[in-house]
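Below, chains carry the letters A, B, ... as their sequence lines are ordered, and counting in each starts from 1. Here the structure is a predicted model, which means the values were calculated and not measured.
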Number of protein chains: 2
Amino acid sequence: MQPSQNESKVYIEIVKQLRLIISKEALKPGDKIPSERELSERLNVGRSSVREALRALELLGLIETRRGEGTFIRDFHGNQLVQLLGTFVLQDQKAIKDVLETRHSIEMDCIRLVIKRCNDSHFTKLRALLQFQRVNDEQIFYEIALLSDNHLVMRIWQILNDYVKALEIKQEMKNKSLYTELIDAIVSRNEKSALLIYKTLRNLSFD
Amino acid sequence: MQPSQNESKVYIEIVKQLRLIISKEALKPGDKIPSERELSERLNVGRSSVREALRALELLGLIETRRGEGTFIRDFHGNQLVQLLGTFVLQDQKAIKDVLETRHSIEMDCIRLVIKRCNDSHFTKLRALLQFQRVNDEQIFYEIALLSDNHLVMRIWQILNDYVKALEIKQEMKNKSLYTELIDAIVSRNEKSALLIYKTLRNLSFD
DNA sequence: AAATATCAGTGGTCAGACCACAAATAATCA
DNA sequence: TGATTATTTGTGGTCTGACCACTGATATTT
């Protein structure tokens, strides 16, 4: 396969061709794409070049490979792109203050989203969580982030949460009643109140 | 190099190791990373595996390779990535919705942060922007994100913005006056008003 | 001193060889 | 026959070694 025009790399060409194949054969998420060896033959390139293209797409989360079976198209969800970018961004960005602040923003966004779209039936699990004795801060906000029903926001929250954990800034769970209040406020769709309680929970100022 | 624990793939391990190397040697964007052959030796893996890792990172826009010279860390604004996601991901409606919604949340977070911490002197550039005839939506929000003074939030906004651009959902700039109002509201620290204007700008509902 | 030729290092690509694994198939046994 | 067990086939995973093309530094020549 010729690198089209200005000598772009073979593996990039393969990615493009693959897109055409997927389009032409109307392959959907879950479907199997041609094997590495077949692609290698069909496109007249080395198998290693095919693999470079596939590995790149895999890291993007666009395909999934299963040894012994083949390579399959994946739907956009579950991709690790955000995760990856996150770790790369965070590695040199040690501004703890930024991390914490961003997490606060995201958590408040989650609360807003949950209030905006959830009906009462969604809250059963959240309420149930509070019953457990050993429930912790992370579990509760994990559920809230989940209820935001936005996969991307969920991912971002997870990254931030992981990082905060890595910093060993543990979130104590001293005032269990505050969490109850928070959830009550969310359930009753009182955004203002919910955010106020949240800020109390995180010891934030109220500006 | 052993795939850590549950037999994850070698190239993934290489990505992780590479991250460590970058961190340990304090490499910055523009710096050169070890050559493929050296990495192959240092990590006890085949060069082809190293290449799989590097190609993936390249497609993500995290590194840049120059034949005959070497591989360099990039200030990650991957154009490749943008293109690719645009063509591959367009199918998934929920993902698109999530991207847009997340961007909205982050942009509103930016507005809140800016209001919280900026003094008037910070706004000169923002005001100046509006003077230009051909100023566009992206430039304005870039400035706002910058003024948030939170590097992490800024990065996240950039990623999301790239996503949106990749989706070819262009942000028109029809009501220039609205942007003026927005900035005025921010400058006068009127959060409620600013967010309201923002929602108008983005055609969001007002719940 | 300047222009040129050479050389070492680097990424780009290919081919072939194994290995590990999974599913389909064939052979075997009850 | 029907179920179990080997075998085969196809697939991804990895390594090695070989070239090529290009860059930049070095050595050589003019």
**Message:** Strictly by side-chain hydrogen bond (donor to acceptor under 3.5 Å, both in side chains), give each pair with a member in residues 106-117 of chain A just once, sequence neighbours left out.
**Reply:** A:Glu107-A:Trp157, A:Glu107-A:Tyr198, A:Glu107-A:Arg202, A:Asp109-A:Arg112, A:Arg117-B:Glu101
**Prompt:** Under 4.0 Å between a Lys/Arg side-chain N and an Asp/Glu carboxylate O for B:Glu58 and B:Arg55?
**Reply:** yes
Dump the pairs, protein N or O against N or O of nucleotides 6-11 of chain D, anything under 3.5 Å, distances to one decimal.
residue: D:dG10; atom: N2; partner: A:Gly68; partner atom: O; Å: 3.1
residue: D:dT11; atom: O2; partner: A:Gly68; partner atom: N; Å: 3.4

**Request:** Could you state the atom-to-atom distance from CD of A:Glu64 to C1' of D:dG13 in whole Å?
**Result:** 16 Å
**Prompt:** Which residues satisfy the salt bridge (charged side-chain N to carboxylate O under 4.0 Å, His left out) test with A:Glu25, sequence neighbours excluded?
**Reply:** A:Arg42
**Message:** When you measure from the side-chain N and O atoms of A:Ser49 to the phosphate of C:dG12, is any distance below 4.0 Å, counting only OP1 and OP2?
**Reply:** no
**Request:** Measure from CD on B:Glu52 to P on D:dC15 and round the result to the nearest Å.
**Result:** 9 Å
**Item:** NZ/A:Lys125: more than 12 non-hydrogen atoms of other groups inside 6.0 Å
**Value:** no
**Request:** Using atom CD of A:Glu58 as one end and atom C1' of D:dG13 as the other, report the distance to the nearest whole Å.
**Result:** 11 Å
**Prompt:** Atom CD of B:Glu41 and atom P of C:dG9: how far apart are they, to the nearest Å?
**Reply:** 12 Å
**Prompt:** Once you round it to whole Å, what is the distance between C1' of C:dG12 and CZ of B:Arg47?
**Reply:** 7 Å
**Message:** Expressed as a whole number of angstroms, how long is the span from A:Asn44:CG to C:dG12:C1'?
**Reply:** 17 Å
**Asked** Rounding to a whole Å, what distance do you find between B:Leu54:CG and C:dG11:P?
**Response** 8 Å
**Message:** Please pick, from D:dG13, D:dC15, C:dG12, the nucleotide with the shortest atom-to-atom distance to any side-chain atom of A:Arg51.
**Reply:** D:dG13
**Asked** For A:Arg55 and D:dG13, is the shortest distance between a side-chain N/O and OP1 or OP2 below 4.0 Å?
**Response** yes
**Request:** Evaluate whether atom CZ of B:Phe72 has more than 12 neighbouring non-hydrogen atoms of other residues, nucleotides or ligands under 6.0 angstrom away.
**Result:** yes
**Prompt:** To the nearest Å, how far apart are B:Ile12 CD1 and D:dG12 P?
**Reply:** 17 Å
**Request:** Please report the C-alpha distance between A:Leu39 and A:Ile21 in whole Å, then the side-chain angles of each, then the deciding distance to 0.1 Å, and finally whether the side chain to side chain contact (heavy atoms under 4.5 Å, CB included) criterion is met.
**Result:** CA-CA 10 Å; A:Leu39 284 173; A:Ile21 290 176; 3.8 Å; yes
**Crowding at CD, A:Glu41 (>12 non-hydrogen neighbours, <6.0 Å)** = no
